[in-house]
Amino acid sequence: MDKLDKILKGKIKTGCRELKEQLSDETLEELYSVYPFNKFEYIISHLISGQIIDINEYLSIRSSYINRNKYLYLFEITAPRTFGETWAQRHLNEIVPELQRPDKTTDPYYTGEYDFWYNNIKIEVKASRAVRRQSGGRLIEKALSIEDNASFDMNFQQLKPDCCDVFVWIGVWKDCIKYWVLSNEEVRSNKYFSKGQHRGNKQKEGQLWIKNSNIDDFNLYAVDVRHILDKIIEKSNQHTHCHE
DNA sequence: CTTCGGTGAGTCTTAATTTA
DNA sequence: TAAATTAAGACTCACCGAAG
């Protein structure tokens, strides 16, 4: 939103007096809109009609905005499970179709404690979104770009290294998605791993924050979309075996 | 300001119960 | 008996707030 605002403000400045009045901050402030009409459609129509921009310039502004906000829609999801399961798990399965949904036929002892199964490897998926660190406000308004240097803390939680062999973490920014793959041991012994969450699970469950201040320490585990499965297999050879 | 142990709230799954 | 409804529990991630 910030960058689009800047671009439009810059364009308005180059217009004639009349146009500047029509698009002044005060006018825009008072502008009453009902979906799908809004401030942007109003400004852009004026800019085109005043010949400040032409249709091609509009199209280029539009497509670069879309590029900068490809994944913004993911911040519209409010319910944790809708994001974590409906989106994140399905998304990973689309990228890596080889991963199987576990059930009693793949693993007789399966009771929902991990998310995917591949060739005897138990895989747990966790996802988190990068948002501005501030209390209140909707997620979509706090969504961060990978280039922003505002502070954030992605909370990967309810991590149970005893229940799976490999973790796949998905970090979502409004313009990009990052993937990290770690063995259960790499999580358990990670210096940022914080033990203890939810009463009754104190020994088994922990959490970890990937923050603007420590994200580089995880580059070691970052993996390109195309290599996720290879990395899962590689990491599964390093994990500490859990006994049924 | 950041950290990190913990709670909160929405959704889904499964089991239990009621209804037809 | 089978289907429909309700209740219980598990699983998801965001967020809080005391302590540093």
Side-chain angles (χ1 to χ4, degrees), chain A residues 71-95 99-117 122-146 148-174 176-182 184 186-218 221 242 244:
Chain A
Y71 303 116
L72 190 59
Y73 72 98
L74 295 174
F75 294 77
E76 286 176 2
I77 302 171
T78 52
R81 288 194 76 173
T82 310
F83 175 65
E85 287 186 14
T86 310
W87 179 76
Q89 291 186 22
R90 186 176 299 172
H91 170 74
L92 184 65
N93 212 180
E94 280 167 7
I95 302 172
L99 301 181
Q100 288 178 264
R101 298 306 315 229
D103 56 35
K104 299 269 187 201
T105 60
T106 55
D107 174 3
Y109 300 98
Y110 179 69
T111 53
E113 68 274 35
Y114 55 93
D115 300 324
F116 285 110
W117 172 268
K122 297 173 183 170
I123 300 148
E124 175 73 16
V125 183
K126 295 285 175 196
S128 186
R129 291 165 285 192
V131 292
R132 205 180 313 282
R133 193 175 181 136
Q134 102 195 27
S135 189
R138 299 187 305 143
L139 280 182
I140 196 156
E141 291 158 354
K142 299 189 282 184
L144 290 175
S145 150
I146 190 76
D148 287 331
N149 41 16
S151 79
F152 62 86
D153 45 0
M154 285 182 165
N155 189 192
F156 294 94
Q157 55 199 308
Q158 272 87 50
L159 302 172
K160 295 184 281 281
D162 293 339
C163 292
C164 67
D165 304 316
V166 178
F167 284 95
V168 177
W169 292 346
I170 304 175
V172 177
W173 283 261
K174 64 182 178 181
C176 83
I177 298 179
K178 288 197 175 211
Y179 307 89
W180 297 274
V181 177
L182 297 87
N184 60 2
E186 284 170 332
V187 171
R188 195 182 285 117
S189 60
N190 195 284
K191 65 171 168 173
Y192 297 110
F193 183 59
S194 160
K195 287 179 186 176
Q197 190 180 19
H198 281 147
R199 270 179 309 183
N201 275 316
K202 286 199 166 112
Q203 289 76 32
K204 307 217 162 189
E205 231 174 70
Q207 56 188 324
L208 186 151
W209 285 264
I210 292 188
K211 297 164 286 193
N212 47 307
S213 56
N214 71 4
I215 188 164
D216 289 340
D217 294 337
F218 291 90
Y221 309 112
C242 42
E244 326 279 55

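Any value given below was found using the heavy atoms of this structure, including those in side chains, with hydrogens, waters and symmetry copies removed.
The OG1 atom of T111(A) sits 12.5 Å away from the CG atom of D103(A) when rounded to the nearest 0.5 Å. Rounded to the nearest 0.5 angstrom, Y110(A) OH and K122(A) NZ are separated by 10.5 Å.
Looking at N155(A), its side chain comes within 3.5 Å of the base of dC15(C) through a donor and an acceptor atom. Between the base of dC4(B) and the side chain of Q207(A) there is no donor-acceptor pair shorter than 3.5 Å.
Comparing dC15(C), dT12(C), dC4(B) against the side chain of D115(A) picks out dT12(C) as the nearest. Taking only side-chain atoms of D153(A), from C-beta outward, the nucleotide of dC4(B), dG10(B), dC13(C) with the closest atom is dC4(B).
Note: W87(A) and H91(A) have parallel aromatic rings, judged against thresholds of 30 and 60 degrees for the angle between ring planes. The aromatic rings of Y221(A) and F218(A) sit tilted relative to each other, their planes meeting at an angle between 30° and 60°.
Under 3.5 Å, the side chains of D217(A) and Y192(A) contain a donor-acceptor pair of N or O atoms.
Rounded to whole Å, atom P of dC4(B) lies 17 Å from atom CD of Q158(A). Atom pair L159(A):CG and dT12(C):C1' shows a separation of 13 Å (rounding to whole Å applied). With rounding to whole Å, L208(A) atom CG is found 14 Å from dC13(C) atom P. Distance CZ (F156(A)) to P (dC13(C)): 9 Å, rounded to an integer number of Å. Straight-line distance from the CE atom of M154(A) to the P atom of dT12(C): 18 Å, rounded to whole Å. Atom CD1 of I77(A) and atom P of dG10(B) are 16 Å apart (whole Å). Atom CZ in R138(A) sits roughly 18 Å away from atom C1' in dA9(B) (whole-Å rounding). Between R90(A) atom CZ and dT12(C) atom C1' there is a gap of 15 Å when expressed in whole angstrom units.
Considering all non-hydrogen atoms of both residues, T106(A) and P102(A) come closest at OG1-CA, 3.5 Å.
Residue contacts for Q134(A): at a heavy-atom cut-off of 4.0 Å it reaches no nucleic acid atom on any strand shown. Residue-level contact check: T78(A) touches neither bases nor backbone, having no heavy atom under 4.0 Å from any strand. Within 4.0 Å of A88(A), counting heavy atoms only, lies no atom of the nucleic acid at all.
Within the 4.0 Å cut-off from OP1 or OP2 of dA14(C), at least one side-chain nitrogen or oxygen of R129(A) is found. Close to dC1(B), at under 4.0 Å from its OP1 or OP2, lies no side-chain N or O of S151(A). An OP1 or OP2 oxygen of dT2(B) is reached within less than 4.0 angstrom by no side-chain nitrogen or oxygen of K211(A). Put simply, K160(A) has no side-chain N or O that comes within less than 4.0 Å of OP1 or OP2 on dC11(C).
Centre separation under 5.5 Å together with a plane angle under 30° does not hold for the ring of F83(A) and the six-membered base ring of dT12(C), so they are not marked as stacked.
Cation-pi geometry between R132(A) and F152(A) is not satisfied (NZ or CZ under 6.0 Å from the ring centre, within 45° of the ring normal).
Residues K126(A) and D115(A) are not paired through a salt bridge, judged by the lack of any N-O separation under 4.0 Å between the basic side chain and the carboxylate.
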Pairwise N/O distances under 3.5 Å, protein to nucleotides 12-16 of chain B:
residue: dC12(B); atom: O4'; partner: R81(A); partner atom: NH1; Å: 3.3
residue: dC12(B); atom: O2; partner: R81(A); partner atom: NH1; Å: 3.0

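Comparing E113(A) and S135(A) against DNA chain C, the residue whose closest nucleotide sits nearer the 5' end is E113(A).
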